[in-house]
Protein chains: 2
Amino acid sequence: MSIGIKISLNPKLYLRDPQETPLGQKIIKNSILLIDEIGFESFTFKKLAGKIKSTEASIYRYFENKHLLLIYLVSWYWEWLSYLIDINTLNIESSRKKLNIIIDTLVEAYRENPAIEYVNESILQRLVIAEGAKAYHTKAVDKDNKDGFFINFKELSEKIAKVIEEVDPQFKYPHALASNLIEMANNHSFFAVHLPRLTDIKISDEDYSPVKEMLCHFVSKLLNNEKP
Amino acid sequence: MSIGIKISLNPKLYLRDPQETPLGQKIIKNSILLIDEIGFESFTFKKLAGKIKSTEASIYRYFENKHLLLIYLVSWYWEWLSYLIDINTLNIESSRKKLNIIIDTLVEAYRENPAIEYVNESILQRLVIAEGAKAYHTKAVDKDNKDGFFINFKELSEKIAKVIEEVDPQFKYPHALASNLIEMANNHSFFAVHLPRLTDIKISDEDYSPVKEMLCHFVSKLLNNEKP
DNA sequence: TCTTGAGTAATAGTAATACTATCATTATAG
DNA sequence: CTATAATGATAGTATTACTATTACTCAAGA
């Protein structure tokens, strides 16, 4: 059941807007599934074309290359998170409560109701956890940044930083803590599954709430204002 | 001036030990320089062969593929850090002081004296900051982990976790904090230069001490024992 | 109704990448 | 002086990451 939101992303990321056409939507949907399945390195436009019974050339009309497609998908995820945070914190007064809701959302976004039929947000979250860092770990980071390719991540991070500042206006590192909360939410979900010695989190039955608890604990130690 | 340490790494990472031969040492030395220069995605064994006036086939005798070479280089870095931490904390009694030294080392390893003539550790640190996460963000992470490819990172992380436990035995997340300190040291050095809105750190004149200050501040807030 | 054009498919082709294989040459250790 | 390990030289293959061209399809505008 779609609630009809439309995610708006930097048009420089694509040649033709994939949200506007059936083929474009198929590209978004199936690239998420395929990258999740075989990993970004093995993913090619040819394989994707095979999966959706289209052709390489048709996909190249939408995205210049697979790196821009990755940035597109990752940006989509940050926009979606941003949207979730907005609706989940609507009418919440307490900044501290807001911050807890933000942490909940960062970690357990995958539990939310699907918002758009051609995007499996739960798989997209797994993809971002596994491949997200590759979007900016590249020689082109400065150029890509100038082109505004990371705006969605930066805006999400800034949104969180603002709430951190509300909670403790004296805290010196609101932006660093904000981006670190996002990174930790993803990294420790990944570590718990694949490299458990790098974390203290234990996940059972797909329950990621221990990650939430840890982040809440960190935040409550780091930030001083204990008002509700 | 070499002090003659030999870094020992998982032999499964290579086909022939590159530390044992002049060509092997050239491969290590120049792959660091070349990956730093053009980025891991653009890096190929052919280009490296051109740089060292050897051939692709010769390089393939040392490393199965460029991914294993990356893991090798990154593992080298973690071993080197581990070694630095050991000598820098030698004879230090106070756990809290130890932890500060560890943070210093994580951030400013590049200032240390070169230990091995065919490795430019300062450039290697920049490489790990930029490309390190790619070592384990792959579909083969579980297999690679079983083969012990991440042992050096895990041991470094565990070494730091132990000191954290000494400082505050009550703290519930020593392993997570340890790996997070390593990640933050690298990420925020990267963000400060390339994506400044994601951090509060400002770097001028190659001076990364603000990153140290931030990590020390986080640690002192998170850990309770205030004994010296 | 005819035309136009946007979107897509089909096909082909290229340069580079990621390897593998073979054989000749050089260095060195016994 | 010889045996053998290491390297170099060369060639070849399948796949990747594109670009180009042509043709088909279908819906809207004249």
Side-chain angles (χ1 to χ4, degrees), chain A residues 11-31 34-35 37-73 118 131 134-135 138-140 143-144 149, chain B residues 11-31 34-35 37-73 118 131 134-135 138-140 143-144 149:
Chain A
K12 284 187 190 165
L13 287 172
Y14 48 79
L15 298 170
R16 200 200 300 309
D17 187 348
Q19 291 188 80
E20 302 263 281
T21 67
L23 179 60
Q25 298 180 359
K26 263 173 139 180
I27 291 172
I28 296 176
K29 175 175 185 162
N30 290 281
S31 62
L34 191 54
I35 294 173
E37 190 187 332
I38 65 177
F40 185 65
E41 277 70 36
S42 303
F43 170 84
T44 69
F45 280 1
K46 194 170 193 176
K47 289 175 188 167
L48 176 60
K51 195 180 170 82
I52 64 180
K53 304 210 192 315
S54 175
T55 62
E56 249 185 304
S58 298
I59 296 169
Y60 274 107
R61 288 212 193 78
Y62 285 84
F63 292 99
E64 257 180 86
N65 54 55
K66 71 175 186 171
H67 184 240
L68 288 183
L69 171 58
L70 178 67
I71 297 180
Y72 182 92
L73 297 176
Y118 54 89
E131 318 278 7
K134 292 171 193 167
T138 155
K139 270 288 152 185
K143 190 196 159 301
D144 287 355
F149 289 176
Chain B
K12 284 188 190 163
L13 287 173
Y14 47 80
L15 300 168
R16 201 199 300 309
D17 187 349
Q19 291 188 80
E20 303 262 281
T21 67
L23 179 61
Q25 298 180 358
K26 264 174 140 180
I27 290 173
I28 296 176
K29 175 175 184 162
N30 291 281
S31 62
L34 190 54
I35 294 173
E37 189 188 332
I38 65 176
F40 185 65
E41 277 70 35
S42 303
F43 170 84
T44 71
F45 280 2
K46 192 167 195 180
K47 289 175 187 168
L48 176 59
K51 195 179 169 82
I52 64 180
K53 303 212 191 310
S54 175
T55 63
E56 247 185 305
S58 298
I59 296 169
Y60 273 107
R61 289 207 188 84
Y62 284 85
F63 292 99
E64 259 180 85
N65 54 56
K66 71 176 187 171
H67 184 240
L68 289 183
L69 171 56
L70 178 67
I71 298 180
Y72 182 91
L73 296 176
Y118 54 89
E131 318 279 5
K134 292 171 192 167
T138 155
K139 270 287 152 184
K143 190 197 161 300
D144 288 354
F149 289 177

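Lettering follows sequence order; numbering is per chain, from 1.
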Student: List the atom of S54(A), the atom of L23(A), and the distance in Å for their closest heavy-atom pair.
Tutor: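 Between these two residues, the closest heavy atoms are OG-CD1, 3.9 Å.
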Student: Which of these nucleotides, dA18(C), dC18(D), dA20(D), is closest to any side-chain atom of E56(A)?
Tutor: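 Looking only at side-chain atoms, E56(A) lies closest to dC18(D).
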Student: The criterion is side chain to side chain donor-acceptor pair (under 3.5 Å); which residues satisfy it with Y62(B), sequence neighbours excluded?
Tutor: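 Scan of Y62(B) (side chain to side chain donor-acceptor pair (under 3.5 Å), adjacent residues dropped) gives T21(B).
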Student: Within the 4.0 Å heavy-atom criterion, would you say K47(B) contacts the bases, only the backbone, or no part of the nucleic acid?
Tutor: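 Sugar-phosphate: the residue K47(B), judged by heavy atoms under 4.0 Å, touches backbone atoms but no base.
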Student: For residues 20-29 of chain B, pull every pair meeting salt bridge (charged side-chain N to carboxylate O under 4.0 Å, His left out), keeping only residues two or more places apart or in separate chains.
Tutor: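 For residues 20-29 of chain B, and leaving out neighbouring residues, the salt bridge (charged side-chain N to carboxylate O under 4.0 Å, His left out) pairs sorted by first residue read K6(B)-E20(B).
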Student: Considering residues at least two apart in sequence or located in another chain, which fulfil the side-chain contact (heavy atoms from CB on, under 4.5 Å) criterion with N65(B)?
Tutor: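 Partners of N65(B) by the side-chain contact (heavy atoms from CB on, under 4.5 Å) criterion, ordered by chain and then number, come out as H67(B), L68(B).
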Student: Rounded to whole angstroms, how far apart are NZ on K53(B) and C1' on dA9(D)?
Tutor: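 For the pair K53(B) NZ and dA9(D) C1', the rounded distance is 16 Å.
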Student: Look only at the side chain of Q25(B) and the backbone of Q19(B), and say whether a donor-acceptor pair between them is shorter than 3.5 Å.
Tutor: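 Confirmed, Q25(B) side chain pairs with Q19(B) backbone.
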Student: With respect to the phosphate group of dT8(C), does any side-chain polar atom (N or O) of T21(A) fall under 4.0 Å of OP1 or OP2?
Tutor: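 The answer is yes; a side-chain N or O of T21(A) sits under 4.0 Å from OP1 or OP2.
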Student: Over how many whole Å does the gap from R16(A) atom CZ to dG5(C) atom P extend?
Tutor: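 It is 16 Å, rounded to the nearest whole Å.
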Student: Atom CZ of F43(A) and atom P of dC18(D): how far apart are they, to the nearest Å?
Tutor: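 Going from F43(A) (CZ) to dC18(D) (P), I get 12 Å.
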Student: Strictly by side-chain hydrogen bond (donor to acceptor under 3.5 Å, both in side chains), give each pair with a member in residues 38-49 of chain B just once, sequence neighbours left out.
Tutor: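 For residues 38-49 of chain B, and leaving out neighbouring residues, the side-chain hydrogen bond (donor to acceptor under 3.5 Å, both in side chains) pairs sorted by first residue read E41(B)-K134(B).
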Student: Would you kindly give the NZ-to-P distance between K46(A) and dA16(C), to the nearest whole Å?
Tutor: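 That distance rounds to 19 Å.
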Student: Rounded to whole Å, how long is the line connecting atom CG of D17(B) with atom P of dA6(D)?
Tutor: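 Going from D17(B) (CG) to dA6(D) (P), I get 11 Å.
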Student: Please state how far atom CG in L68(B) lies from atom P in dA18(C), giving the value in whole angstrom units.
Tutor: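 Roughly 13 Å, once rounded to whole Å.
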Student: Go through dA10(C), dT10(D), dG8(D) for me and flag the one nearest to the T55(A) side chain.
Tutor: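 For the T55(A) side chain, the nearest candidate turns out to be dA10(C).
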Student: At a heavy-atom distance below 4.0 Å, what parts of residues 59-67 of chain A sit against DNA chain D?
Tutor: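 Contacts with DNA chain D under 4.0 Å: Y60(A), E64(A), N65(A), K66(A).
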Student: What are the two closest heavy atoms between S31(B) and L73(B), and how far apart are they?
Tutor: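 Answer, listing the atom of S31(B) first, then L73(B): OG-CD1, 3.6 Å.
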Student: Just the rounded figure in Å: distance from P of dT7(D) to CD of E20(B).
Tutor: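 Going from CD in E20(B) over to P in dT7(D) covers 11 Å.
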Student: When you measure from the side chain of E56(A) to the backbone of F45(A), do you find a donor-acceptor pair of N or O atoms at a distance under 3.5 Å?
Tutor: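 Checked: no pair found.
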Student: Which whole-number value in Å describes the distance from F45(B) CZ to dT7(D) C1'?
Tutor: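 Nearest whole value for this atom pair: 16 Å.
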Student: Roughly how far, to the nearest 0.5 Å, is the OH atom of Y14(A) from the CD1 atom of I27(A)?
Tutor: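 Nearest 0.5 Å value for the CD1-OH distance: 13.0 Å.
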Student: Please produce a list of atom pairs where a protein N or O lies less than 3.5 Å from an N or O of nucleotides 25-30 of chain C.
Tutor:
none

